[in-house]
Amino acid sequence: MPLLLHSFLLWLLLLLAMMGNGVLRILVLQPVLGEDLARQAACLSGIFIILGLTRVLVPRLHARDARQLLAAGSIWLGLTVAFEFLFGHYGAGMEWKALAAEYNLLRGRLWPLVLLTTFLAPWLCRHSGRGAAEARP
């Protein structure tokens, strides 16, 4: 199966996990912490979710080298941003300006760090711990 298809299928698993993270943010964290802190906490937990799942999923990418791992990360990043903006605007009815505001680190928004993690996760997980051991022939 080509890298593009593998990447897409594994991204769907990440999407489901991150949607669950978002539901927990709204139902559990937001009433206790307020919206801003809940978003920050969910971004941090999202980073751990992405890294944890990727550590398990990266061998299934069958990537041969760092270039392919970064290509998979690029696919995940592109799909994530496209989903966020398209679903956010057309599915959830959010304004483009509100969606773009999630990228403002100066206002305490940590979403760009989640996206950076999404991009680097396949490469990071292959080159650390168990992923590195599984990558050896």
Check your understanding: Just wondering, do Leu120 and Leu70 contact through their side chains at under 4.5 Å, heavy atoms?
Key -> yes
Exercise for review: State, to 0.1 Å, how close Cys125 and Arg55 come at their nearest heavy-atom pair, and which atoms those are.
Suggested key: SG-N, 3.6 Å
Point to revise | side chain to side chain donor-acceptor pair (under 3.5 Å), paired with Trp111, selected from Gln40, Glu84, Glu102 | key: Glu84
**Study point:** Value rounded to 0.5 Å, distance of CG in Leu79 from CG in Leu15
**Key:** 9.0 Å
Check your understanding: Out of curiosity, does Val23 fall in the hydrophobic cluster containing Leu37 (side-chain heavy atoms, cut-off under 4.5 Å, transitive links)?
Key -> no
Study note, to complete from the structure: Correct closest heavy-atom pair for Ala41 and Leu29 would be CB-CD1, 4.0 Å
Exercise for review: Give a yes or no on whether Leu115 and Leu16 share a hydrophobic cluster (residues Ile, Leu, Val, Met, Phe, Trp, Tyr; joining criterion: side-chain heavy atoms under 4.5 Å apart).
Suggested key: no
Review point. In Å, rounded to the nearest 0.5 Å, how long is the span from CZ of Phe83 to CE of Met19?
Key: 4.5 Å
Check your understanding: So which heavy atom on Leu3 is nearest to which on Ala71, and how close?
Key -> CD2-CB, 4.1 Å
Point to revise | Gap between atom SG of Cys43 and atom CG of Leu110 - 0.5 Å precision | key: 5.0 Å
Revision key, fill the gap. To the nearest 0.5 Å, atom CG of Asp65 lies from atom CH2 of Trp123 at 13.0 Å
**Study point:** Distance (rounded to the nearest 0.5 Å) between Ile49 CD1 and Thr54 OG1
**Key:** 11.0 Å
**Study point:** hydrophobic_cluster_shared for Tyr90 and Phe87, side chain cutoff 4.5 Å
**Key:** yes
Exercise for review: Using the rule that two of Ile, Leu, Val, Met, Phe, Trp, Tyr join whenever any of their side-chain heavy atoms come within less than 4.5 Å, decide whether Phe48 and Leu116 are in one cluster.
Suggested key: no
Check your understanding: Hey, are the side chains of Ile47 and Leu51 touching, using non-hydrogen atoms and a 4.5 Å cut-off?
Key -> yes
Review point. Taking all non-hydrogen atoms of both residues, which atom of Asn21 and which atom of Ala42 are closest, and how far apart?
Key: ND2-O, 2.8 Å
Exercise for review: Start with the C-alpha distance between Leu113 and Leu105, add both sets of side-chain angles, then the distance that settles side chain to side chain contact (heavy atoms under 4.5 Å, CB included), and finish with yes or no.
Suggested key: CA-CA 9 Å; Leu113 301 178; Leu105 282 170; 4.3 Å; yes
Exercise for review: Would you please say whether a donor-acceptor pair under 3.5 Å links the side chains of Trp11 and Thr80?
Suggested key: yes
**Study point:** Parallel, tilted or perpendicular: ring planes of Tyr103 versus Phe85, cut at 30 and 60 degrees
**Key:** parallel
Practice item. Identify the heavy atoms of Arg25 and Pro31 that sit nearest to each other, and give their distance. Key: O-CD, 4.4 Å
Check your understanding: Out of curiosity, Arg39 CZ to Arg109 CZ, how far, rounded to the nearest 0.5 Å?
Key -> 5.0 Å
**Study point:** Lys/Arg N to Asp/Glu carboxylate O, Asp36 vs Arg107, below 4.0 Å
**Key:** no
Review point. With side chains defined as the heavy atoms from C-beta onward, is the minimum distance between Leu10 and Leu61 less than 4.5 Å?
Key: yes
Point to revise | Taking every non-hydrogen atom, the tightest pair across Leu53 and Leu13 | key: CD1-O, 4.3 Å
Exercise for review: Give the cluster check for Ile26 versus Met94: same hydrophobic cluster or not, with ILVMFWY residues linked at side-chain heavy-atom distances below 4.5 Å.
Suggested key: no
